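These notes concern the structure reproduced below.
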Amino acid sequence: MICIYNLYDMFFKRKSFRRFDDTLTLSLEELQNIEQHLNEVVPLLHNIKIEYRLVKREETTCKRGEYCLLVYSEQKENYLINVGYILEQLDLWMAFHNIGACWYGMGKPDKLKCNELDYVIMLAFGKSLLEEFRKDYTKAKRKDLEAIWSGEYLPNVTNVVRFAPSACNSQPWRVVRENKYIRIFRSTEVRSIIPKAKLPFYNSIDMGVFLCFMEIALRHSQYEFKRMLYENQKSDAEQIKIAEYTMY
Ligand SMILES: Cc1cc2nc3c(=O)[nH]c(=O)nc-3n(C[C@H](O)[C@H](O)[C@H](O)COP(=O)(O)O)c2cc1C
């Protein structure tokens with residue numbers, strides 16, 4: 001079993017798969033492993049109910065991949081960040097197993113409810129070949145470090161967390177490092193083709209993805225830290241406080 005703490009190498013291998021080789025299929029064992037792994041991912045918030053449905057891609061509006069993992073959640077404080085944090089672990093885990101994946105915010109599922117919980121987002125995926133994964137992560141288009149991180153850089157953290165995936169590559173994360181504190185914000189000033197009314201939804205999921213990258217990177221470098229998640233933040237601020245890490 002691999003756990004969240006050794007997914008660091010997958011930062012460099014993962015990418016959004018938009019083309020799949022239709023001659024490759026996932027075995028029953030691989031599908032069972034995915035379902036098994038869903039019980040092992042670590043949520044950000046343990047008090048939020050989550051359900052998953054693993055369906056054939058044809059049961060959704062998604063046009064790529066063999067299957068889709070549909071995520072349903074209770075709508076509690078920070079539930080979107082929680083979904084991002086959980087599903088990114090799966091995206092990285094899939095890369096480890098040569099399963100190509102793509103977050104699919106545009107997709108619509110067959111059912112909007114599952115056991116009373118509301119549909120949030122899906123991950124489309126399918127068996128892929130090793131050579132189809134990312135070969136040179138430095139070529140992935142991302143904002144410059146100075147645009148997202150202020151304060152002292154952390155080796156092997158600062159320069160890798162910025163490769164986290166985000167809706168339309170909008171990269172809403174901003175980081176302020178001050179002594180033993182790392183403060184994470186969501187910028188509401190992102191320029192994107194996502195309709196403004198939808199930005200808080202997608203960018204909140206993105207923030208969960210980013211926290212997942214941040215924690216894997218910190219642990220990889222053996223930093224010990226405590227996380228504090230903000231609640232009830234004003235949504236009209238230029239930078240919304242998301243989390244604060246205190247390093248020991
Ligand atoms: C919350 C979320 C929603 C996304 N929705 C879509 C989508 O609907 N269609 C798509 O092709 N890619 C989607 N993506 C993938 C992003 O476009 C992609 O992560 C980003 O461009 C960076 O590229 P990379 O993942 O290859 O590093 C989504 C990503 C996230 C995190």
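All of these numbers come straight from a predicted model, not from anything done at the bench. As the structure lists them, so they are numbered: ligands from 1, and atoms in each ligand from 1.
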Heavy-atom nearest neighbour in the protein, as seen from [atom], with distance rounded to 0.1 Å:
| atom | result |
| --- | --- |
| atom 21 (O) of ligand 1 | Asn169 CB, 3.5 Å |
| atom 20 (C) of ligand 1 | Ser166 O, 3.5 Å |
| atom 28 (C) of ligand 1 | Trp103 CB, 3.4 Å |
| atom 1 (C) of ligand 1 | Asp206 OD1, 3.5 Å |

So [X] and [Y], would you call those rings parallel, tilted or perpendicular, with 30° and 60° as cut-offs?
| X | Y | value |
| --- | --- | --- |
| Phe210 | Trp173 | parallel |
| Tyr153 | Trp149 | perpendicular |
| Phe20 | Phe17 | tilted |
| Tyr245 | Phe225 | perpendicular |

Over-ring placement of [X] relative to [Y], 6.0 Å and 45° cut-offs:
| X | Y | answer |
| --- | --- | --- |
| Lys13 | Phe133 | yes |
| Lys139 | Tyr137 | no |
| Lys198 | Phe201 | yes |

Check this for me - ligand 1, [X], N or O atoms closer than 3.5 angstrom, yes or no?
| X | result |
| --- | --- |
| Ser16 | yes |
| Met106 | yes |
| Arg142 | yes |
| Gly105 | yes |
| Arg18 | yes |

Do any heavy atoms of [X] fall under 4.0 Å from ligand 1?
| X | answer |
| --- | --- |
| Glu88 | no |
| Arg64 | yes |
| Lys141 | no |

Show which atoms of ligand 1 fall inside a sub-4.0 Å distance from at least one heavy-atom site of [X].
| X | result |
| --- | --- |
| Cys168 | 17 (O) |
| Lys15 | 26 (O) |
| Ile205 | 1 (C) |

For Tyr52 and Glu35, which I'm curious about, is there any donor-acceptor pair between the side chains at under 3.5 Å?
no
Within 6.0 Å of CD in Glu29, more than 12 heavy atoms from elsewhere
no
Which atom of Thr158 lies closest to which atom of Leu145, heavy atoms considered:
O-CD2, 3.4 Å
Which is closest to atom 19 (O) of ligand 1 by heavy-atom distance: Gly107, Ala140, Pro165?
Pro165
